[in-house]
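Everything numeric in this text was worked out from a predicted model, so none of it was measured. So that the names make sense, note that chain A is the first sequence line, chain B the second, and so on, each numbered from 1.
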Amino acid sequence: MSDQQDNLHAMRHSLAHIMATAVVRLWPGVKLGIGPVVENGFYYDIDNGETTISEDDFEKIEAEMQKIIKDNQSFERSEKPVDMAIAWAQESGQAYKEELLNDLKRAGTTVAKDLDAEELGTITEGEGAVENVSFYTNGDFTDLCRGPHVESTGKAGAFKLMRVAGAYWRGNENNAQMQRLYGVAFESPKELRKHLEMLEEAKKRDHRKLGQELDLFVLSDLVGPGLPLFTPRGTVLRNELIKFSEELQREGGYEAVWAPHMTRNELYKVSGHFDKYPERFDVSSVESSDEFMMKPMNCPHVTQIYASRPRSYRDLPLRYMETTTMYRDEKSGELHGLSRVRSLTQDDSHAFVRHDQIADEMRSVLGMVKDMYAVLGLPLSVDLSFRDDSDNYFGDVSVWEEAQTVIEQVAKDEELDYRVEPGEAAFYGPKIDIIVTDALGRKWQCATVQLDFIQPERFELEYAGEDGNMHRPAMVHKAILGSIERFLSVYIEHTAGKFPPWLAPEQVRLLTVNQEDATVAFADGVVQKAKDLGLRVTLDNANESVGKKIRNSEVMKIPYTVVLGEKEIQLGKVTPRIRKDMQVQDMANEHTVENFLQSIANEVKSRTTKSSL
RNA sequence: GCCACCUUAGCUCAGUUGGUUAGAGCGGCUGUUUUGUAAACAGUAGGUCGUCGGUUCGAAUCCGACAGGUGGCUCCA
């Protein structure tokens, strides 16, 4: 961290204390949790009993904070023996601080993942608890804290309180729900203003807003939450992305398969999912006494295609792909536009491989992911999702170690810039997850490559080896786009709806200058030529001014707009208007109709046009 | 599911401390206009103010429940 970053960090952390000071002044009985620095700001978790705090209270809290800043109280560091600190917490009724101190005393650390180490006083490794913990005092407010802070409250920078949210104490939903007060903070009012303006800009490219404006998808209360419907325009986007994904997969040797959208529960009892997520399976009976469910994933289904006949080592790798929709009963508060839905479509694939084929297959599917994201201009951020020491995982630890070693080696071979994330694995195996970011900086998992030794075991999959004995294959799962709904949410925000021509729902829009017979006949002719080349073209022959029709085309972010009138009829040539982000501005000259349409068709076919975003 | 907030016409929004027939712009429709690269003009239709219940002489406005949504938390095969 640079000095400047250190300073900003200290400012934000100091503001968390100043906010806590203000909250304690306004609501003296309030219990404090923790108050760390986060991206762009800070928060503090508080428990104010029955009297909850709402955003309407922010004005008052901010006013109190300004007073404290004006007082320019110095931040004084002090140390206490841990037992004295516990006594302090008890006396002041700070039960959450007391719990933290007890953990510190007993274990030398606190385990909850959400607890920022910087908040916890002096941490020592392993056995042997801490002796002293540090405190910071400003004015009449003292808090357990490792620091550092700015010198005094007057130097805390520019801030704004943003939100109040619920947060479980120590990130555990069985614990009390506290209120988390979020603020953003910067060194100067100017930078703060810039940040707030950036948030306003980000709102404009929110995929839910653009989905409405560009007529891509709809959410209907009657259909139900988390069940998006796609309009003709949105469906073009979906289908073009799927087509590209399936082309890449076919090149990699994958064959399409198909599985029904419902299944007997029994399938998921064998796979282990049923016991793992019992609350997630809403079941319904169909005629017989059997219970059926909508499929929440594909792998167990595909195992039954593999298992349908004897397999030989010569058959492997056996590669199946299926772009299909599945259904998951997400909790209501977890739904989010297209990013988190109840009906999601994956460009899924499963390869059944011998152990000596694992690395090659993983490299192959990673290559597909890289190709796709390169063409779309999306940066890859890679997590290796591994297991941790918990008992959330099936199978022997030794099997996991083998799988994780292979995955990390592949990541190194492919020169991926990755981070290892313990505890993020699926219960059946470790994953390579591709993470992309939405307009507001929230991270979403899209592509995934997974290695699975567990399901072949549970479904007792086998092949006859060269040695005449039966062997167990491994499974390589992958999705390039991941959930297409989620992928679209991120991609819409990334492009702000300015899709490259090969994806654009409407590639060319023709506008007539007037409604005279000659003009209309000419325009119809151009439409037919464009359609013959497979282009998605529309004709706007409305009785409106040319300016108005241009505007409508711009608003819909159509790549190519062409005005047709007397001049074009005379010359047989057009001068296209090209969406400003596109890198083909040299096409904005006069072209014959045929040349113009042909060059768009070429551009679409090669999928090479990247928007210059 | 949990915490806070939001829900008025197809869309974006206005609606003063509860007080007559709830407004605007865009969009739609009809007519006039026949338009040359980001919004022609006029008229007109469209709302049991998310739903249900309550308080009140009177509710878009106050209270409650439910539904949907937003920001987080938790979860995410």
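- With rounding to whole Å, A/D56 atom CG is found 10 Å from B/rA4 atom C1'.
- The nucleotide whose nearest atom lies closest to any side-chain atom of A/Y168 is, among B/rG68, B/rC76, B/rG1, B/rG1.
- Of the candidate nucleotides B/rG36, B/rA77, B/rA4, B/rA77 has the atom lying nearest to any side-chain atom of A/Y277.
- Within the nucleic acid shown, A/Q515 comes within 4.0 Å of at least one base atom, counting heavy atoms only.
- Look at CD1 on A/I53: it is 17 Å from C1' on B/rG71, rounded to the nearest Å.
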Q) Given the rule that a pair is Watson-Crick or G-U wobble with both distances under 3.5 Å, how would you write RNA chain B in dot-bracket, using | for pairs to a different strand? A) (((((((..((((.....[...)))).(((((.......))))).....(((((..]....))))))))))))....
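- Taking atom CD of residue A/E554 and atom C1' of nucleotide B/rU37, one finds them 9 Å apart after rounding to whole Å.
- Of the candidates B/rA77, B/rA39, B/rU37, the closest approach to any side-chain atom of A/R551 belongs to B/rA39.
- Side-chain contact annotation: A/W169 with A/D45, donor-acceptor N/O pair under 3.5 Å absent.
- Within 6.0 Å of the CZ atom in A/R442, the count of heavy atoms belonging to other residues, nucleotides or ligands exceeds 12.
- No side-chain donor-acceptor contact under 3.5 Å links A/Y320 and A/H301.
- For A/K548, the listed nucleotide lying nearest its side chain is B/rA40; candidates were B/rC11, B/rA40, B/rA77.
- At a non-hydrogen distance threshold of 4.0 Å, A/G565, A/E566, A/K567, A/E568, A/R577 from residues 564-577 of chain A come into contact with RNA chain B.
- Ranking B/rG36, B/rA77, B/rA40 by closeness to the A/E544 side chain, first place goes to B/rA40.
- For the pair A/L440 and A/D221, nearest-nucleotide mapping onto RNA chain B gives the more 5' position to A/D221.
- Backbone-only contact: A/V546 has heavy atoms under 4.0 Å from sugar-phosphate atoms and none from a base.
- Taking atom CZ of A/R208 as the reference point, atom P of B/rG68 lies 16 Å away to the nearest angstrom.
- Of the N and O atoms on the side chains of A/K431 and A/T448, not one donor lies less than 3.5 Å from an acceptor on the other residue.
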